[in-house]
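Here is how names work: the chains are called A, B, and so on, in the same order as the sequence lines, proteins then strands, and each is numbered from 1.
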Protein chains: 2
Amino acid sequence: MDVVNIFLTSELGESLEHFVHDHRRFTFDRLGPEGPRRLVEGPMWAFIDWVLPDLAGLEMCRRLRADPRTADAHVTMVLEEDDPEDRRRALRAGADDYVVGPLTRTAVLDRVLALQSRASERSATRRFELGALTIDMAALQARWDGEPIVLRPNEFRLLRFFAENPNRVLTRDDLINGLGKREPPIDERTVDVWIGRLRRSIKAAGGGNPLRTVRSLGYVFDLG
Amino acid sequence: MDVVNIFLTSELGESLEHFVHDHRRFTFDRLGPEGPRRLVEGPMWAFIDWVLPDLAGLEMCRRLRADPRTADAHVTMVLEEDDPEDRRRALRAGADDYVVGPLTRTAVLDRVLALQSRASERSATRRFELGALTIDMAALQARWDGEPIVLRPNEFRLLRFFAENPNRVLTRDDLINGLGKREPPIDERTVDVWIGRLRRSIKAAGGGNPLRTVRSLGYVFDLG
DNA sequence: CAGTGATGTGACGCGATTGTGACGGGATTG
DNA sequence: CAATCCCGTCACAATCGCGTCACATCACTG
């Protein structure tokens, strides 16, 4: 069972500590302007109030996204009132979600539990974050350190397949099948050309080379 | 004249199609567990039954709120009975409103028409700021770096729809549905012409090209 | 350090996809 | 009711994507 880490900008955490009975499943931390005070493993759920004493909530949200430690936290903005424009701003600042406040203990837990089931589905369909590389499945756009990478459709599919199987040697056959190309049969050497083109495109965007050749086997997407 | 989009979780839509005379003002769609089947422009009104065959109504409501495409829909929960606890739960899940069912055709239309005046205030002041691009919904005016962009009606709607769904691949079909053009059926290639005209108009105002072609899929409005 | 097999890559060409000027009918305007 | 505008369609042009080939380069072996 995974740990669920909940970050809050308000004092609600202390009250939640007592509210929740199964302490092993949850941790709570107060979120300050410097980000989280301690590192945690497992999924992170941040609830950020729209207005904060020392910092705009939106800015806090952007900082979380920019910090590699918290970049893949699930961020919920807590709006003061139900303004469509605020909602959009929240999402645009990188929030995954929002609620209309004030935040209650049950609201936090309901939300976390409700979204938890969707989390796997979301990460599969929405967005990869792999080191400097980001892949946005909705926009079909990859970035290296925020810099857009111009990719042809096949290159994008290839990169995505690598991103789905990091740190794992993929044979040329794996790659051909992984991209769903059976008809007409593809020459295995063609994969080398795919790799070359993908590498070149990433480099053109100022990126490094995350694709390592494993002689006489295939290629690996190196991560960490 | 804005389109009014009504989403229902029941089959009532089909019956409403025949009930309403002014077809140009309304669209109806059945709301499934995956959210709306097509993207639309203009205000969205969702009516969600409290109990659904495959999904709790509350969960459906949360999903609508979490999905940027539908985040600012007006959501009405259709309760089975008038339980104060249910009402509270509905609102907490992000519903704007509730009625006690069962839902009738007139109830839907009355509700939409009654609430529309309130909604129009909100949307009248709406204003997008997307990078260099500004869209003023009240003045029906778009600008690039402050420079007015001369747009034909269809181009404006197209741009608006893109602005409502930035960083997201929109298929030609999404765009046709999104602009509410179903009758008579529009040739998908026509969308390419729309795009070309919109690009040209933006360029004529000294703007760049925020519309990226995604080969064999559609187009994206790139932001950031 | 020569030999051998594997990988990197520029070039080519076909087929598919997209861009766009032209046209005409219908709506809109004055 | 004439002039203008808007927009959907078509046809052709321009561009793009990608699989393959051929040759260059590289890595490992003995």
Pairs under 3.5 angstrom, nitrogen or oxygen only, protein versus nucleotides 20-25 of chain D, please.
residue : atom : partner  : partner atom : Å
D/dT20  : OP2  : A/Asp187 : N            : 3.2
D/dT20  : OP2  : A/Thr190 : OG1          : 2.8

Legend entry - Closest-nucleotide ordering on DNA chain C, the 5'-leading residue of A/Leu217 and B/Arg172: A/Leu217
Inset, instruction - Using whole Å, report how far CD1 of B/Ile195 lies from P of C/dT18. - result: 11 Å
Legend entry - A/Glu155 backbone acceptor or donor facing A/Arg197 side chain under 3.5 Å: no
Legend entry - Atom-to-atom span, CG of A/Leu179 to C1' of D/dC18 - whole angstrom: 12 Å
Legend entry - Residue pair B/Thr190 / B/Ile186: nearest heavy atoms and the distance that separates them: CB-CG2, 3.9 Å
Inset, instruction - Calculate the interatomic distance between A/Arg152 atom CZ and C/dT18 atom C1'; express it in whole Å. - result: 16 Å
Inset, instruction - Select base, sugar-phosphate, or nothing to describe what A/Asn154 touches, counting heavy atoms under 4.0 Å on all strands. - result: sugar-phosphate
Inset, instruction - State, yes or no, whether a side-chain contact exists between A/Asn209 and A/Lys203 at a heavy-atom distance under 4.5 Å. - result: no
Inset, instruction - State whether A/Ser216 places a side-chain N or O below 4.0 Å from either non-bridging phosphate oxygen (OP1 or OP2) of C/dG5. - result: no
Legend entry - Any donor-acceptor N or O pair under 3.5 Å, side chains A/Tyr219, A/Asp192: yes
Inset, instruction - List the atom of B/Arg212, the atom of B/Arg199, and the distance in Å for their closest heavy-atom pair. - result: C-NH2, 4.1 Å
Legend entry - Spacing of A/Arg199 atom CZ relative to C/dG10 atom P, expressed in whole Å: 13 Å
Legend entry - Integer-rounded Å distance: C/dT18 C1' and B/Leu175 CG: 15 Å
Inset, instruction - Counting heavy atoms from C-beta on, name the nucleotide in C/dT17, D/dC18, D/dC26 closest to the side chain of A/Arg215. - result: D/dC26
Inset, instruction - Using only heavy-atom distances, determine whether the side chains of A/Arg168 and A/Asn165 contain a donor-acceptor pair under 3.5 Å. - result: yes
Legend entry - Distance, rounded to the nearest Å, where B/Asp192 contributes CG and D/dC12 contributes P: 18 Å
Inset, instruction - Have a look at A/Tyr219 and say if it touches a base, only the backbone sugar-phosphate, or nothing, with a 4.0 Å heavy-atom cut-off. - result: sugar-phosphate
Legend entry - Distance in angstrom units between B/Arg200 CZ and C/dA22 P, rounded: 10 Å
Legend entry - Non-hydrogen side-chain atoms of B/Leu198 and B/Ile202 separated by less than 4.5 Å: yes
Legend entry - Interatomic distance, A/Trp194 CH2 vs C/dT7 C1' [rounded to whole Å]: 16 Å
